[in-house]
Amino acid sequence: MNFLKALSRTKLYWGLIAIFLIGVLSSPVTSSGRNIFLSSGNLLDVLRQVSTTGLIATGMTAVILTGGIDLSVGSLMAICTVVCAMLLTVPGDTAALYLGLPAVGLAVLVVGAAAVRFVFLNIEKSRTGVTHIRDIQLDRTRGTVLPAAAGIVLCALVLSFLLPQMQTKFGVLGVLLVAPAVGLMFGAVNGVIIVVGRLQPFIVTLAMMVTALGIARLTAGQNNAVLPVYTGSNATADFDMLRQLVFGIVPMPGIFFIVAILLYGAVLRFTPFGRYIYAIGGNEEAARLSGINAGRVKIVTYAISGLLAGIAAVLYVAQYRQGKPDAGAGLELDAIAAVVIGGTSLMGGRGSLAGTFCGVLIFGLLSNILQLHNINSNLQLVLKGVIIIGTVLVQERNAYDLLAQLRLPGASRRPAQGDTSVEERTSRETLSITMGGKKK
């Protein structure tokens with residue numbers, strides 16, 4: 001019985017190990033007998049290829065944990081690739097400039113002001129001994145004037161760095177500031193419409209997917225289906241650093257992916273914001289009654305999803321040397337599949353970024369295995385679909401239920417004494433989180 005419990009809790013990792021072993025055992029070999037799948041070049045290529053999907057899946061995980069969905073991330077990545085490619089290759093006034101500079105200015109202003117206000121809130125929390133930040137009331141100077149002033153100053157500094165590049169071409173740091181800011185802006189718009197309009201995330205993000213695709217095409221121009229980026233020719237040679245190997249070992253896109261998933265994973269696990277995300281996904285009404293500002297949390301999660309799509313766009317341009325209005329077509333489905341394979345429930349409130357990391361690797365290794373065996377691309381899609389369904393079946397139904405359906409000995413669907421339903425546990429955890437663990 002204990003073995004079955006342990007197997008059920010670690011099934012995702014066993015799935016990753018199984019996929020890896022299948023790749024090792026079924027891999028073609030070179031003429032010298034070397035295993036192609038295990039070669040460092042092949043495994044690094046897998047990490048490089050999954051990094052774009054992985055970044056988007058990282059943001060998608062938090063969105064799904066709140067009980068939402070973001071179908072627009074592929075189109076947001078596409079518009080950010082267009083902005084990035086145009087800033088790198090076209091000097092002077094462009095549509096990308098008019099879209100990017102206001103976005104980065106507004107993003108820096110808001111983020112800077114919010115960061116300063118957060119610092120004042122924590123200082124006041126330490127001084128007064130108040131348990132929760134939301135119970136603290138700041139005076140007008142520290143709550144509004146100083147944060148706004150800090151945001152304006154920071155915005156002015158960033159724009160003073162970017163504006164001189166208008167007449168030449170943007171560099172690496174410039175596009176790493178502007179493109180993610182564009183994604184963040186569109187992601188925040190998603191969140192605001194969902195919260196203020198009280199609309200279903202599926203409808204809002206579906207509309208944004210179509211809208212962003214149209215804006216991407218208008219920004220690129222009617223005659224620009226592809227915007228080529230040739231480093232050292234029409235773009236700065238330093239841009240190549242985003243596709244190189246760090247210390248000759250790990251590809252730069254992989255570094256971005258790993259850092260993003262570690263940082264966001266720490267936020268979800270160790271900060272009140274992360275606990276609020278789980279609480280909202282588990283039972284949004286209970287979270288609201290507990291004092292959580294669910295609307296603000298949702299807006300931030302959608303904004304971060306857009307931000308990570310913008311970072312993925314810059315890495316896409318660096319890797320494929322082009323920006324395209326349809327660069328992210330279908331990528332949102334790959335990201336959702338990776339998140340679900342990683343054990344995150346589409347109902348919200350259950351999942352982790354560790355699972356998403358495994359899901360992304362499972363998806364990448366599976367694609368690599370099929371490619372090594374020269375499987376027809378159409379058949380690859382069929383096999384991926386079947387494996388996704390099988391994986392989700394295992395994730396959504398624990399080992400006891402599966403064994404009970406097969407009528408195997410020792411399997412029982414009856415809950416142990418003292419067990420509670422998922423809904424009851426979620427409500428209790430929500431109240432415990434928001435009330436500081438105090439029993440009423």
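With rounding to the nearest 0.5 angstrom, the CD1 atom of Ile22 is 9.0 Å from the CG atom of Leu366. With values rounded to the nearest 0.5 angstrom, Leu101 atom CG is found 6.5 Å from Met166 atom CE. How far CG of Leu154 is from CG of Leu159: 9.5 Å, rounded to the nearest 0.5 Å. Residue Asn368 holds its CG atom at 7.5 Å from CG of Leu43, rounded to the nearest 0.5 Å. In this structure, CZ in Phe270 is found 10.5 Å from CZ in Arg275, a value given to the nearest 0.5 Å.
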Intermediate values then yes/no, side-chain contact (heavy atoms from CB on, under 4.5 Å), Met86 and Thr219: CA-CA 9 Å; Met86 290 188 73; Thr219 303; 3.9 Å; yes
Criterion side chain to side chain donor-acceptor pair (under 3.5 Å) on Asn234 and Thr89, from CA distance to verdict: CA-CA 5 Å; Asn234 67 346; Thr89 60; 4.7 Å; no
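Between the side chain of Asn122 and the main chain of Phe118, a donor-acceptor pair closer than 3.5 Å is present. Ser75 places no side-chain N or O within 3.5 Å of a backbone atom of Ser72 that could act as its donor or acceptor partner. Using a distance-only test at 3.5 Å, with no hydrogens or angles considered, a donor-acceptor pair links the side chain of Arg243 to the main chain of Ala318. A donor-acceptor pair under 3.5 Å is formed between the side chain of Thr66 and the backbone N or O of Val63. Using a distance-only test at 3.5 Å, with no hydrogens or angles considered, a donor-acceptor pair links the side chain of Thr301 to the main chain of Lys298.
If you check the side chains of Asp334 and Thr53, you find no donor sitting under 3.5 Å from an acceptor. Defined by atom type and a distance below 3.5 Å, a donor-acceptor pair is present between the side-chain atoms of Thr61 and Thr356. In this model, a donor atom of one side chain and an acceptor atom of the other lie less than 3.5 Å apart for Asp240 and Thr231. Asp70 and Thr205 are not linked by any side-chain donor-acceptor pair at a separation below 3.5 angstrom, with hydrogens and angles left out of the test.
Closest approach of Ala335 and Met60 over heavy atoms only: CB-CE, 4.5 Å.
By the 6.0 Å contact criterion, CZ on Phe273 is enclosed, its count of non-hydrogen atoms from other residues, nucleotides or ligands being greater than 12.
Applying ring pair (Phe, Tyr, Trp, His ring centres under 6.0 Å) to Phe357 and the options Tyr264, Phe363, Phe257 leaves one that passes, Phe257.
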